[in-house]
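Right, one structure below, let's go through it.
Everything quoted here is computed from the prediction, not taken from an experiment. Protein chains get the first letters and strands the later ones, always in sequence-line order, with residue 1 at the start of each.
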Amino acid sequence: MPLHFELVTPEKLVRSDEVYMVVVPGTEGEEGVLEGHAPYMTTMKDGALKIYKTEGGAPEEIAVRGGFAEVSASGLTVLAERVEG
Amino acid sequence: MASLKELKNRIKSVKSTQKITKAKQMVAAAKLRRAQAAAEAARPYSQRLAKVMGSLAGKVSGESAPLLLRGTGKDERHLLVVVNTDKGLCGGLNANIVKAAKAKARELAAAGKQVDFYLVGRKGRAPIRRDYASQVKQEYDTSAVRNLGFTEAEAIAEELVALFEAGKFDVAHLIYPVFKSALAQDPTVVQLMPVPAVEGDGPVASDSSAVVEYEPDEETILGALLPRYIRTQLFVALLEREASEQGASMTAMDNATRNAGDLINKLTIQYNRSRQAAITTELIEIIAGAEAL
């Protein structure tokens with residue numbers, strides 16, 4: 001089962017995708033989110049989100065600033081103030 | 001009665017005015033489409049943020065709540081953040097915003113509160129200064145920026161939060177035009193600080209968030225989110241202002257173009273009449289002269 005992942009900035013919806021895993025740079029440590037993760041909320045350090053499209057594949061990195069991640073039944077939502085690149 | 005030459009010049013000048021208003025109308029129409037798209041694109045972020053805020057704010061209360069949520073505990077000094085446009089030629093838009101701001105200021109003053117202003121955009125300055133010269137505390141200039149973005153909203157929010165934390169005011173209201181259609185832009189007043197309790201799906205929020213894990217704790221997250229929420233609100237206000245300005249401008253210029261067309265028709269009829277009158281007089285003179293011989 002893929003994980004539904006959304007990356008949203010004030011300017012637009014950057015990404016809405018089905019992925020395998022996303023590694024979130026939380027303020028209290030990096031954390032990988034897979035499908036079926038328990039409801040969870042964290043603020044993020046300025047850093048790179050690592051998106052694994054498939055299991056074992058090479059990650060795609062998106063640098064974000066001022067981010068905030070929320071995991072709910074509908075998937076992972078990252079609200080970021082800025083996305084670089 | 002104006003002479004033929006005068007009429008001709010008049011028609012020429014109205015025609016060139018019409019060309020200008022028509023061009024401005026088309027520019028506004030193109031820009032409006034862009035502004036509307038930008039406002040549309042900003043919606044998911046603000047909606048999601050509001051939802052998260054709603055579920056968090058319900059949990060944190062009392063003394064542990066951040067200053068931005070619980071306020072200074074007083075209700076004495078109010079700050080009105082008025083968002084106006086930088087350019088004119090947009091009908092009654094700015095006049096309406098200023099009117100709404102002044103009405104709010106009078107209402108607060110009548111209740112015995114102290115009112116200050118923070119102005120965004122150039123067109124609100126003169127009319128508000130006229131009545132409240134000493135109460136305009138600060139201004140933020142957006143006229144040099146071509147494409148209004150999150151950077152400006154961030155800068156304004158930072159300044160406001162700093163003022164709030166320094167205890168310069170107790171309550172801040174944001175006054176900005178909400179774009180409804182090209183014909184209607186309603187000036188709206190919302191409370192900006194302290195952040196008002198988000199109402200709505202209360203039970204649903206507490207239901208689904210009962211098991212949510214927070215990292216770090218709720219207070220810290222809320223503390224980080226509140227300034228962000230204010231920034232987003234200002235950003236939305238700026239986007240709405242942009243769309244409203246273009247919409248109002250489009251309508252105003254459409255009217256102006258039509259008025260110019262009517263005026264040209266009227267002047268042309270007048271011109272033709274006096275031309276014919278002149279010809280008739282001349283003919284009569286010639287015939288009368290010929291008969292006299």
Exceeds 12 heavy-atom contacts within 6.0 angstrom, atom [atom1] of [X]:
{"X": "Q191(B)", "atom1": "CD", "result": "yes"}
{"X": "K168(B)", "atom1": "NZ", "result": "no"}
{"X": "K104(B)", "atom1": "NZ", "result": "yes"}
{"X": "R125(B)", "atom1": "CZ", "result": "yes"}

Is chain B contacted by the side chain of [X], its backbone, both, or neither, given a heavy-atom distance below 4.5 Å?
{"X": "T9(A)", "answer": "backbone"}
{"X": "E31(A)", "answer": "neither"}
{"X": "T27(A)", "answer": "side chain"}
{"X": "A80(A)", "answer": "backbone"}

Which region of [X], side chain (C-beta onward) or backbone (N, CA, C, O), has a non-hydrogen atom less than 4.5 Å from a non-hydrogen atom of chain A, or is it both or neither?
{"X": "A224(B)", "result": "side chain"}
{"X": "E40(B)", "result": "neither"}
{"X": "R43(B)", "result": "neither"}

(message) Assess the residue pair E70(A) and K51(B) against the criterion (salt bridge (charged side-chain N to carboxylate O under 4.0 Å, His left out)); give the C-alpha distance rounded to whole Å, side-chain angles, the decisive distance to 0.1 Å, and a yes or no.
(response) CA-CA 11 Å; E70(A) 187 200 9; K51(B) 214 173 81 193; 5.6 Å; no
Separation between OH (Y45(B)) and CD (E6(A)), nearest 0.5 Å, reads 14.0 Å
One should read off an interatomic distance between E11(A) CD and F150(B) CZ, to the nearest 0.5 angstrom, of 7.5 Å
message = Is there a side-chain contact between V8(A) and Q47(B) in this structure, where contact means two heavy atoms from C-beta onward sitting under 4.5 Å apart?
response = no
Heavy-atom closest pair (V52(B) atom, F68(A) atom, distance to 0.1 Å) is CG1-CZ, 3.5 Å
Report task. Using modelled atom types only, decide if a donor and an acceptor are shared between the side chain of R228(B) and the backbone of G66(A) within a distance under 3.5 Å. Result -> yes
One option among L225(B), T220(B), L49(B) has the most heavy-atom pairs under 4.5 Å with chain A, and it is L225(B)
